[in-house]
Participant: 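Dumping the structure here so I can ask a few things about it.
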Amino acid sequence: QVQLVESGGGLVQAGGSLRLSCAASGRTFSSYAMGWFRQAPGKERELMTAISRGGSSTYYVDSVKGRFTISRDNAKNTVYLQMNSLKPEDTAVYYCAAGKYVSVPPHLIGDYWGQGTQVTVSS
């Protein structure tokens with residue numbers, strides 16, 4: 001079983017930056033594609049970005065492309081989300097997920113989920 005714990009969320013003003021971390025337990029971290037989802041109040045959970053098992057391939061939804069960067073360090077069992085130029089509409093609970101990446105349409109099937117971390121961007 002894989003356990004995921006997110007950290008790094010908080011309150012930031014528009015235009016600011018945050019770096020989220022997702023620490024995974026177990027020895028099978030490198031067997032999974034990883035991704036970050038977010039869910040705003042009253043809205044559907046959406047995939048923002050995903051990264052392949054080895055970290056060589058990434059995907060970004062249009063709304064965050066150019067602002068957010070996903071990366072992973074398999075030696076540390078950790079995936080990161082660097083968020084720059086944050087906007088109020090980025091306010092949501094951010095979830096880390098481990099699973100399988102589907103390319104058509106781009107999606108991550110989450111087998112394991114973290115508890116989420118709140119990101120609030122003030123205007």
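In this chain, residues are counted from 1 in sequence order. Please read these numbers as outputs of a predicted model, since none were measured by experiment. Keep in mind that the numbers below use all heavy atoms, side chains included, and drop hydrogens, waters and symmetry copies.
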Participant: Kindly give the heavy-atom pair with the smallest separation between Ala33 and Leu108, and that separation in Å.
Facilitator: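 Closest approach of Ala33 to Leu108: CB-CD1, 3.8 Å.
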
Participant: Return yes when atom CZ of Arg53 has more than 12 non-hydrogen atoms of other residues, nucleotides or ligands closer than 6.0 Å, and no otherwise.
Facilitator: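 Count not over threshold, so no.
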
Participant: With a 4.5 Å heavy-atom cut-off, do Tyr94 and Glu6 have their side chains touching?
Facilitator: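 Tyr94 vs Glu6: side chains apart.
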
Participant: Identify whether NZ of Lys or CZ of Arg in Arg19 sits under 6.0 Å from the centre of the six-membered ring of Tyr80 and within 45° of that ring's axis.
Facilitator: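 Because its charged atom sits under 6.0 Å from the ring centre and within 45° of the axis, Arg19 does stack over Tyr80.
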
Participant: Please give me the minimum heavy-atom distance between Ile51 and Val79, naming the atom from each residue.
Facilitator: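 Looks like CG2-CG2, 4.3 Å.
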
Participant: Take Leu20 and Thr117, measure what side-chain contact (heavy atoms from CB on, under 4.5 Å) needs, and give me the verdict at the end.
Facilitator: CA-CA 8 Å; Leu20 305 184; Thr117 185; 4.1 Å; yes

Participant: Check whether the side chains of Ser17 and Asn84 place a donor and an acceptor atom closer than 3.5 Å, and report yes or no.
Facilitator: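 There is such a pair (donor and acceptor under 3.5 Å, judged by atom type) between the side chains of Ser17 and Asn84.
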
Participant: Which atom pair, heavy atoms only, marks the closest approach of Asp111 to Gly99?
Facilitator: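 Closest pair (atom of Asp111, atom of Gly99, distance): OD2-CA, 3.6 Å.
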
Participant: Under a 3.5 Å distance rule, please check whether Thr91 uses its side chain to pair with a backbone N or O of Val121 as donor and acceptor.
Facilitator: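 At least one qualifying donor-acceptor pair exists.
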
Participant: Are side-chain heavy atoms of Asp90 and Arg38 found at a separation under 4.5 Å?
Facilitator: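 In short, these two side chains touch, coming nearer than 4.5 Å.
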
Participant: Would you check if Leu18 and Leu86 make a side-chain contact, meaning some heavy-atom pair closer than 4.5 Å?
Facilitator: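 Yes. Closest side-chain heavy atoms under 4.5 Å.
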
Participant: Mind listing the closest non-hydrogen atom pair of Arg67 and Ser85 along with its distance?
Facilitator: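 Closest pair (atom of Arg67, atom of Ser85, distance): NH1-O, 3.0 Å.
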
Participant: First locate atom NE2 of His107, then atom CD of Glu46, and finally report the distance between them rounded to the nearest 0.5 Å.
Facilitator: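 Output value for this atom pair is 12.0 Å.
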
Participant: Test your reading of the model: is there a side-chain donor-acceptor pair from Ser63 to the backbone of Val61, 3.5 Å cut-off?
Facilitator: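 Judged by distance alone, no pair lies under 3.5 Å.
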
Participant: Measure the spacing between OG of Ser21 and CG of Leu81 and express it to the nearest 0.5 Å.
Facilitator: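 Between Ser21 OG and Leu81 CG, I get 9.5 Å after rounding to 0.5 Å.
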
Participant: Counting C-beta onward and ignoring hydrogens, is there a side-chain heavy-atom pair between Glu44 and Gln39 closer than 4.5 Å?
Facilitator: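 Side chain of Glu44 against side chain of Gln39, heavy atoms only: no contact under 4.5 Å found.
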
Participant: Of all heavy-atom pairs between Ala24 and Val2, which one has the smallest distance, and what is that distance?
Facilitator: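 Here Ala24 and Val2 meet closest at CB-CG1, 4.3 Å.
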
Participant: Is there a side-chain contact between Cys96 and Met34 (heavy atoms, below 4.5 Å)?
Facilitator: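 A side-chain contact exists here, since the closest heavy-atom pair is under 4.5 Å.
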
Participant: What is the distance from atom SG of Cys22 to atom CD1 of Ile70, rounded to the nearest 0.5 Å?
Facilitator: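 CD1 of Ile70 is found 9.0 Å from SG of Cys22.
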
Participant: For the pair Tyr95 and Arg45, evaluate side-chain contact (heavy atoms from CB on, under 4.5 Å) and give the outcome as yes or no after the intermediate values.
Facilitator: CA-CA 9 Å; Tyr95 298 90; Arg45 185 177 298 187; 3.5 Å; yes

Participant: Can you name the nearest heavy-atom pair linking Ala14 to Pro88, along with the distance?
Facilitator: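 Scanning both residues completely, I find the closest heavy atoms to be CB-CD, 4.1 Å.
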
Participant: Honestly, is Arg72 close enough over Tyr32, meaning NZ or CZ under 6.0 Å from the six-membered ring centre and within 45° of the axis?
Facilitator: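 Cation-pi check for Arg72 and Tyr32: fails.
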
Participant: To the nearest 0.5 Å, tell me how far Asn77 CG sits from Gln3 CD.
Facilitator: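 Answer for the CG-CD pair, Asn77 versus Gln3, is 12.5 Å.
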
Participant: Please step through side-chain contact (heavy atoms from CB on, under 4.5 Å) for the pair Met83 and Val64, ending with a clear verdict.
Facilitator: CA-CA 9 Å; Met83 303 185 293; Val64 307; over 6 Å; no

Participant: Nearest 0.5 Å, what's the OH-OG distance between Tyr112 and Ser25?
Facilitator: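 OG of Ser25 is found 9.5 Å from OH of Tyr112.
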
Participant: Assign the ring pair Phe37 / Trp113 to parallel, tilted or perpendicular, where the plane angle (0 to 90°) is split at 30° and 60°.
Facilitator: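 Phe37 vs Trp113 ring planes: tilted.
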
Participant: Pick one: which of Tyr59, Tyr60, Phe68 meets side chain to side chain contact (heavy atoms under 4.5 Å, CB included) with Thr49?
Facilitator: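 So the option named by the test is Tyr60.
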
Participant: Hey, are the side chains of Leu11 and Gln118 touching, using non-hydrogen atoms and a 4.5 Å cut-off?
Facilitator: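 The answer is no, as the side chains (C-beta and beyond) never meet within the 4.5 Å cut-off.
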
Participant: Could you tell me whether Gln115 atom CD has more than 12 heavy atoms of other residues or ligands within 6.0 Å of it?
Facilitator: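 Not more than 12 within 6.0 Å, no.
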
